Undergrad: 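Mind looking over this structure? Questions follow.
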Amino acid sequence: MKRRTLDIILSTGGLGIAILLVILGAVLSNQASWGRDYVKSQLGDQRITFATEDRLSDEEKTWKPGSTCLIKYAGQALVTGKQAECYANYYIAMHMRRSAASAAVDGNKMGWDNETYATMGPIVTDIRNRLNEARQAGNAAEAETLQKQLDAATSLRSTFQTGETLRGLLLTTYGFSVITDRVQVAAYIAYGIAAVMAILAAAGYVHAFRTPPDRVVLSNRDAER
């Protein structure tokens with residue numbers, strides 16, 4: 001086979017691969033763009049706005065190291081995945097913990113600081129059972145106290161349900177935004193490889209037409225050796 005022919009075949013193949021990679025990159029970029037627009041649209045529909053910095057309490061600013069994101073996004077509309085993560089993990093979560101820590105009946109803390117919607121279920125059931133027993137026993141004072149505990153536990157569980165549901169939705173959207181970002185990175189990689197293949201293909205064509213037309217590679221003589 002003539003060397004020029006071989007160079008042209010290899011260069012054409014490389015150029016074809018480059019074109020396919022460009023098409024792949026374009027498709028991935030399109031999907032990434034759609035994903036970003038979708039996240040922005042869905043989050044925008046919630047009409048959530050971060051509190052301005054002057055309205056943030058010291059607890060909100062310092063609850064966890066990541067709480068500083070509330071200062072970063074202060075006063076902004078929530079429209080991105082990173083903002084959704086911040087709001088879910090450092091605003092909603094903090095307020096749920098604060099609600100649990102402040103739960104009290106007749107001035108006595110209930111000790112529900114680390115509970116969740118799921119773990120509050122057995123607590124509510126236990127209080128309700130004890131309340132029924134107190135009523136059956138005719139213990140009005142204990143029944144009154146247990147009723148207050150039941151009301152507090154039920155209210156806190158409802159708060160947890162609302163907060164955890166919103167947190168889950170926001171964090172799911174954040175996860176979708178992360179996938180979208182990675183799709184965009186994959187598109188950039190495809191473009192980069194396509195550029196390299198195109199350069200190599202161009203170099204191959206240049207080499208092909210600089211090679212003497214009669215130069216032969218992989219001849220029968222070479223194969224016999």
Side-chain angles (χ1 to χ4, degrees), residues 39-178:
V39 167
K40 183 177 180 179
S41 173
Q42 293 301 308
L43 291 177
D45 287 345
Q46 304 304 313
R47 298 184 181 180
I48 298 172
T49 301
F50 285 87
T52 56
E53 187 172 353
D54 61 300
R55 292 176 57 191
L56 292 172
S57 66
D58 291 337
E59 182 183 14
E60 289 170 329
K61 295 177 183 178
T62 60
W63 181 57
K64 286 185 177 181
S67 296
T68 54
C69 69
L70 294 175
I71 299 174
K72 176 182 178 181
Y73 298 127
Q76 298 181 22
L78 195 160
V79 293
T80 70
K82 290 298 292 182
Q83 288 176 323
E85 179 195 30
C86 173
Y87 197 85
N89 286 339
Y90 302 108
Y91 189 80
I92 296 177
M94 189 281 293
H95 280 271
M96 287 196 299
R97 291 301 102 215
R98 186 168 66 181
S99 296
S102 61
V105 174
D106 293 334
N108 298 315
K109 295 288 185 181
M110 298 307 299
W112 295 331
D113 303 43
N114 297 314
E115 304 299 338
T116 66
Y117 171 77
T119 60
M120 284 300 298
I123 293 175
V124 170
T125 300
D126 178 64
I127 296 174
R128 184 178 290 113
N129 290 337
R130 289 191 287 124
L131 173 60
N132 291 333
E133 291 173 0
R135 286 173 174 170
Q136 292 173 2
N139 192 334
E142 183 179 358
E144 181 180 359
T145 298
L146 289 171
Q147 183 62 59
K148 291 179 181 179
Q149 292 180 5
L150 180 61
D151 292 342
T154 302
S155 176
L156 182 60
R157 191 169 189 237
S158 178
T159 297
F160 281 154
Q161 181 181 31
T162 302
E164 290 175 10
T165 298
L166 181 55
R167 281 193 73 230
L169 293 172
L170 290 174
L171 291 175
T172 297
T173 304
Y174 165 66
F176 185 81
S177 74
V178 170

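Side-chain atoms are counted along with the backbone in the values below, which use heavy atoms only and exclude waters and symmetry mates. For clarity, every value in this text was computed on a predicted model and none was experimentally measured.
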Undergrad: I need the Ile127 CD1 to Met110 CE distance, nearest 0.5 Å.
TA: 5.5 Å
Undergrad: Any side-chain heavy atom of Leu150 within less than 4.5 Å of one from Val124?
TA: yes
Undergrad: For the side chain of Glu60 and the backbone of Leu70, is there at least one donor-acceptor N/O pair under 3.5 Å apart?
TA: no
Undergrad: Main chain of Ser67, side chain of Lys61: is a donor-acceptor contact present, judged purely on distance under 3.5 Å?
TA: no
Undergrad: Between Thr165 (side chain only) and Gln161 (backbone N and O only), is there a donor and an acceptor less than 3.5 Å apart?
TA: yes
Undergrad: Who passes salt bridge (charged side-chain N to carboxylate O under 4.0 Å, His left out) against Asp113, sequence neighbours left out?
TA: none
Undergrad: Specify whether Tyr73 and Phe50 have parallel, tilted or perpendicular ring planes, treating 30° as the upper limit for parallel and 60° as the lower limit for perpendicular.
TA: tilted
Undergrad: Is there any disulfide bond (SG atoms under 2.5 Å apart) pair reaching into residues 76-118, and which pairs are they, with sequence neighbours excluded?
TA: Cys69-Cys86
Undergrad: Considering residues at least two apart in sequence or located in another chain, which fulfil the salt bridge (charged side-chain N to carboxylate O under 4.0 Å, His left out) criterion with Glu59?
TA: Arg98
Undergrad: How long is the straight-line distance from CG of Leu156 back to CD1 of Ile123, given to the nearest 0.5 Å?
TA: 8.5 Å
Undergrad: I'd like to know whether CG of Asp45 has more than 12 heavy-atom contacts from other residues, nucleotides or ligands below 6.0 angstrom.
TA: yes
Undergrad: Residues in ring pair (Phe, Tyr, Trp, His ring centres under 6.0 Å) with Tyr90, at least two apart?
TA: none
Undergrad: Check whether any side-chain N or O of Thr119 sits under 3.5 Å from a backbone N or O of Thr116 as a donor-acceptor pair, and report yes or no.
TA: yes
Undergrad: Rounded to the nearest 0.5 Å, what separation is found between the OG1 atom of Thr68 and the NZ atom of Lys72?
TA: 8.5 Å
Undergrad: So, using side-chain hydrogen bond (donor to acceptor under 3.5 Å, both in side chains) as the criterion, who are the partners of Asn129 when residues are at least two apart?
TA: none
Undergrad: Are any side-chain N or O atoms of Thr173 and backbone N or O atoms of Leu169, one a donor and one an acceptor, separated by less than 3.5 Å?
TA: yes
Undergrad: Enter the distance from Met94:CE to Asn89:CG here, rounded to the nearest 0.5 Å.
TA: 13.0 Å
Undergrad: With a sphere of 6.0 Å drawn around CG of Asp54, does it hold more than 12 non-hydrogen atoms of other residues, nucleotides or ligands?
TA: yes
Undergrad: Salt bridge (charged side-chain N to carboxylate O under 4.0 Å, His left out) with Glu85: which residues, sequence neighbours excluded?
TA: Lys82
Undergrad: Is there a side-chain contact between Leu78 and Gln46, using heavy atoms and a 4.5 Å cut-off?
TA: no
Undergrad: Using the side-chain contact (heavy atoms from CB on, under 4.5 Å) rule, take Arg97 and Trp63 through it: C-alpha gap first, then chi angles, then the decisive distance, then the call.
TA: CA-CA 10 Å; Arg97 291 301 102 215; Trp63 181 57; 3.6 Å; yes
Undergrad: Is the shortest heavy-atom distance from the side chain of His95 to the side chain of Ile92 under 4.5 Å?
TA: no
